[in-house]
Number of protein chains: 2
Amino acid sequence: MTRTPAGLSAITFTLDRTSPIPLYHQLAQQLEAAIERGVLTPGNRLGNEVDLSVRLGLSRPTVRQAIQSLVDKGLLVRRRGVGTQVVHRQVKRPLELSSLYDDLEADGQRPTTRVLRNETVPASADVAAALGIAEGSEVTVLERLRFTHDRPVAFLCNYLPADLVPLGNAHLETTGLYRMLRSAGITLHSARQIIGARSAAPEEALRLDEKEGAALLTMQRTAYDDTGRAVEYGTHIYRASRYAFDFQLLVRP
Amino acid sequence: MTRTPAGLSAITFTLDRTSPIPLYHQLAQQLEAAIERGVLTPGNRLGNEVDLSVRLGLSRPTVRQAIQSLVDKGLLVRRRGVGTQVVHRQVKRPLELSSLYDDLEADGQRPTTRVLRNETVPASADVAAALGIAEGSEVTVLERLRFTHDRPVAFLCNYLPADLVPLGNAHLETTGLYRMLRSAGITLHSARQIIGARSAAPEEALRLDEKEGAALLTMQRTAYDDTGRAVEYGTHIYRASRYAFDFQLLVRP
DNA sequence: TAGTGGTCTAGACCACACG
DNA sequence: GTGTGGTCTAGACCACTAC
């Protein structure tokens with residue numbers, strides 16, 4: 001006997017074939033919304049792909065593609081011979097290239113930034129190596145203090161190829177670096193991050209309003225765009241008493 | 001004119017249709033190997049999918065699936081109207097659910113482990129909450145010290161549902177916890193990690209051979225399996241002087 | 001044995017980038 | 001215009017799971 005799962009049958013899908021949004025994406029969005037709204041609850045079976053495709057008037061590969069995208073997001077699990085189910089525990093925040101500004105803002109923290117330094121200098125050996133450019137090439141060096149509730153959270157030092165994008169202080173104080181890069185048409189592709197800890201040196205302690213010797217969280221990051229070109233190299237220092245990295249991550253199948 | 005890129009034409013692909021390994025996976029492996037060996041160098045175009053499928057005697061969707069898997073890994077980039085290229089900077093180590101043991105071993109560090117505690121206790125409120133089980137349920141609590149070169153690197157405290165898998169001390173001393181879970185047939189699916197820092201308390205300093213007040217790197221993690229069931233909750237403390245998290249991560253398109 | 005997802009085919013048309 | 005990837009179809013057979 002073929003049972004249509006209660007949750008799924010309660011959903012009316014509306015697919016617009018004239019829309020520029022791909023059909024599989026429309027379907028995926030509506031499935032995700034149904035999960036979000038609780039119409040499809042954890043453990044609910046999704047019903048087999050063939051039935052679903054017939055019901056929607058789509059081909060099976062298209063339906064599969066929609067389902068697959070949600071599997072990749074960690075919302076669904078497929079088991080051969082069993083079926084497709086909603087994962088019991090929802091993935092709240094998928095791991096992304098963490099932008100401190102976005103993280104804080106998403107947290108309702110209303111971050112602010114003070115630009116301490118913004119100038120063009122020749123790249124030192126280590127910066128050149130990190131960015132994969134010639135030593136002495138022009139790079140923009142950026143030093144910023146980030147605050148929430150008028151208290152410092154982090155000291156951010158970044159290096160970018162000088163010709164990449166104009167970095168006005170006004171914008172830097174009201175938004176995050178990654179947003180500026182994105183709106184300049186630069187799409188980030190990958191990054192390497194090293195997260196460690198160390199004790200605060202006297203000048204660091206002063207800058208961050210911590211005691212000397214307090215534990216600090218550190219991150220070094222190099223970010224790359226589509227073509228593999230290094231776009232940004234940074235050294236960040238966070239007050240461990242006010243910040244921690246919160247990752248949700250998926251295991252590659 | 002259609003040019004076959006030099007790199008690609010130099011490769012002979014061998015596809016075994018009788019193999020249980022899917023064709024798209026065989027192709028993906030061989031493409032990846034070619035990139036690894038340097039036959040396909042960064043910037044090399046991969047040639048269009050239609051030609052490739054004809055040459056290999058595969059359908060285009062199958063070839064696409066192979067290419068897509070490498071795009072997902074961050075090795076290739078596709079651009080509509082342009083083509084498929086090898087990414088300039090290679091992704092060295094994709095982000096995975098980091099296993100300290102595996103990380104150290106991959107680094108040639110020959111990690112060792114001393115089990116300090118391994119017993120079954122009723123779950124406290126916070127452990128029960130983290131694992132999503134009833135307070136007072138039986139959990140296995142594990143305390144381990146991990147060494148490299150006979151010096152401590154980390155103190156690991158983990159809680160697992162008691163009935164999950166037998167955890168013999170002998171195995172725990174010679175391998176990692178995640179390997180034991182995997183060989184018990186548990187496939188990890190997702191995890192939430194919180195990485196922070198703090199100063200060493202006296203007893204922590206003693207245990208890790210650090211000075212009191214030294215900066216320590218901390219991680220809290222809850223790991224989940226396929227079904228969304230919490231499999232493990234742990235609190236780890238690392239010597240910041242000897243360990244840092246090294247992530248390579250991709251931005252979701 | 002029945003039902004599920006996993007793989008694969010051989011086409012088709014479209015949107016976009018580039019010369 | 002030409003070539004590229006992006007999307008979509010309507011089937012097919014197989015492997016695995018559960019009963």
Side-chain angles (χ1 to χ4, degrees), chain A residues 1-5 8 13 15-29 31 43-72 76-87 185 187 226-227 253, chain B residues 1-5 8 13 15-29 31 43-72 76-87 185 187 226-227 253:
Chain A
M1 182 178 76
T2 304
R3 279 192 316 109
T4 304
L8 192 62
F13 294 97
L15 298 172
D16 177 5
R17 297 188 99 94
T18 69
S19 162
I21 299 174
L23 291 171
Y24 74 87
H25 197 241
Q26 294 182 37
L27 176 54
Q29 281 178 328
L31 280 171
N44 260 179
R45 288 226 165 58
L46 211 62
N48 74 58
E49 298 172 351
V50 182
D51 285 357
L52 192 53
S53 64
V54 170
R55 185 180 143 201
L56 297 172
L58 296 174
S59 70
R60 186 180 164 207
T62 302
V63 172
R64 266 186 76 78
Q65 196 174 355
I67 292 175
Q68 186 59 47
S69 71
L70 296 184
V71 171
D72 291 342
L76 298 177
V77 182
R78 289 207 261 218
R79 295 166 198 269
R80 202 199 195 83
V82 178
T84 305
Q85 297 174 36
V86 179
V87 163
T187 52
D226 276 9
T227 68
Chain B
M1 182 177 75
T2 304
R3 280 191 316 106
T4 303
L8 192 62
F13 294 96
L15 298 172
D16 177 5
R17 298 189 98 94
T18 69
S19 161
I21 299 174
L23 291 171
Y24 75 87
H25 197 241
Q26 293 182 37
L27 175 55
Q29 282 178 328
L31 280 171
N44 261 180
R45 287 226 165 57
L46 211 63
N48 74 58
E49 298 171 352
V50 181
D51 285 357
L52 191 54
S53 65
V54 171
R55 186 179 144 204
L56 296 173
L58 295 174
S59 69
R60 185 181 165 209
T62 303
V63 171
R64 266 186 76 78
Q65 197 173 354
I67 292 176
Q68 187 58 46
S69 71
L70 297 185
V71 171
D72 290 342
L76 299 177
V77 182
R78 290 206 260 217
R79 293 168 200 270
R80 200 203 202 70
V82 178
T84 305
Q85 298 175 36
V86 178
V87 165
T187 52
D226 276 8
T227 66

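Throughout, a chain's letter reflects where its sequence line sits, starting with A, and its residues are numbered from 1. Values below: every heavy atom of this structure, side chains too, minus hydrogens, waters and symmetry copies.
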Counting side-chain heavy atoms from C-beta on, which of [options] comes nearest to [X]?
X: Ser59(A); options: dG6(C), dC8(C), dC8(D); answer: dC8(D)
X: Thr62(A); options: dT7(C), dT9(D), dG6(D); answer: dT9(D)
X: Asn48(A); options: dC8(C), dG5(D), dG5(C); answer: dG5(C)

Could you state the atom-to-atom distance from [atom1] of [X] to [atom2] of [N] in whole Å?
X: Leu52(A); N: dG3(C); atom1: CG; atom2: P; value: 17 Å
X: His25(B); N: dC14(D); atom1: NE2; atom2: P; value: 22 Å
X: Arg17(B); N: dT7(C); atom1: CZ; atom2: C1'; value: 11 Å
X: Leu46(B); N: dG3(D); atom1: CG; atom2: P; value: 18 Å
X: Glu49(B); N: dG11(C); atom1: CD; atom2: P; value: 17 Å
X: Asp226(A); N: dG5(D); atom1: CG; atom2: P; value: 15 Å
X: Gln65(B); N: dT7(C); atom1: CD; atom2: C1'; value: 7 Å
X: Gln85(A); N: dT17(D); atom1: CD; atom2: P; value: 14 Å

Please set out all donor-acceptor pairs under 3.5 angstrom arising from side-chain atoms of residues 22-29 of chain B, sequence neighbours excluded.
residue, atom, partner, partner atom, Å
Gln26(B), OE1, Asp16(B), N, 2.8
Gln26(B), NE2, Asp16(B), O, 2.9
Gln26(B), NE2, Ile21(B), O, 2.9

Check this one for me: any side-chain N or O of [X] less than 4.0 Å away from OP1 or OP2 of [N]?
X: Arg79(A); N: dT4(C); result: no
X: Thr84(A); N: dT4(C); result: no
X: Tyr24(A); N: dT7(D); result: yes

Practice task
Not counting sequence neighbours, which residues clear salt bridge (Lys or Arg N to Asp or Glu O under 4.0 Å) with Arg79(B)? List them please.
Solution key: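 Arg79(B): salt bridge (Lys or Arg N to Asp or Glu O under 4.0 Å) contacts with Asp226(A).
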
Exercise for the section: Please figure out whether Gly57(A) or Gly83(B) has its closest DNA chain D nucleotide nearer the 5' end. Expected result: Gly83(B)

Handout entry: For Gln68(B), side-chain hydrogen bond (donor to acceptor under 3.5 Å, both in side chains) partners two or more places apart
Key =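 Gln68(B): side-chain hydrogen bond (donor to acceptor under 3.5 Å, both in side chains) contacts with Asp72(B), Arg78(B).
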
Problem - Distance, nearest 0.5 Å, that separates CG of Leu56(B) from CG of Asp51(B) - result: 10.5 Å

Exercise for the section: Taking the side chain as every heavy atom from C-beta outward, state whether Val77(B) and Thr84(B) have any atom pair closer than 4.5 Å. Expected result: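 No, every pair of side-chain atoms sits at 4.5 Å or beyond.
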
Problem - side-chain hydrogen bond (donor to acceptor under 3.5 Å, both in side chains) contacts touching residues 56-67 of chain B (sequence neighbours left out) - result: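 Residue pairs passing side-chain hydrogen bond (donor to acceptor under 3.5 Å, both in side chains), neighbours aside: Glu49(B)-Arg60(B), Glu49(B)-Arg64(B), Ser59(B)-Thr62(B).
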
Practice task
Could you tell me whether Pro61(B) contacts a base, only the sugar-phosphate backbone, or nothing, with contacts defined as non-hydrogen atoms closer than 4.0 Å?
Solution key: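 The answer is base, as Pro61(B) lies within the cut-off (heavy atoms under 4.0 Å) of a base atom.
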
Practice task
Looking at every strand, decide which applies to Arg64(B) at a 4.0 Å heavy-atom threshold: base, sugar-phosphate, or nothing.
Solution key: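 Counting heavy atoms under 4.0 Å across all strands, the contact made by Arg64(B) includes a base.
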
Completion exercise
Minimal heavy-atom distance between Leu76(B) and Val87(B), with the atoms involved, is C-CG2, 3.9 Å

Handout entry: Shortest non-hydrogen contact between Val50(B) and Asn48(B), atoms and distance
Key = N-OD1, 3.0 Å

Practice task
Please report how far the helix from dT1(C)-dA18(D) to dC18(C)-dG1(D) bends, comparing the axis fitted to its first five pairs with the axis fitted to its last five, to the nearest 10 degrees.
Solution key: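 The angle separating the two end axes equals 20°.
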
Completion exercise
Readout for nucleotides 13-19 of chain C: B = base within 4.0 Å of protein heavy atom, S = sugar-phosphate only, - = neither; 5' to 3' it is --BBS--

Handout entry: For Val54(B), all residues meeting side chain to side chain contact (heavy atoms under 4.5 Å, CB included), sequence neighbours excluded
Key = none

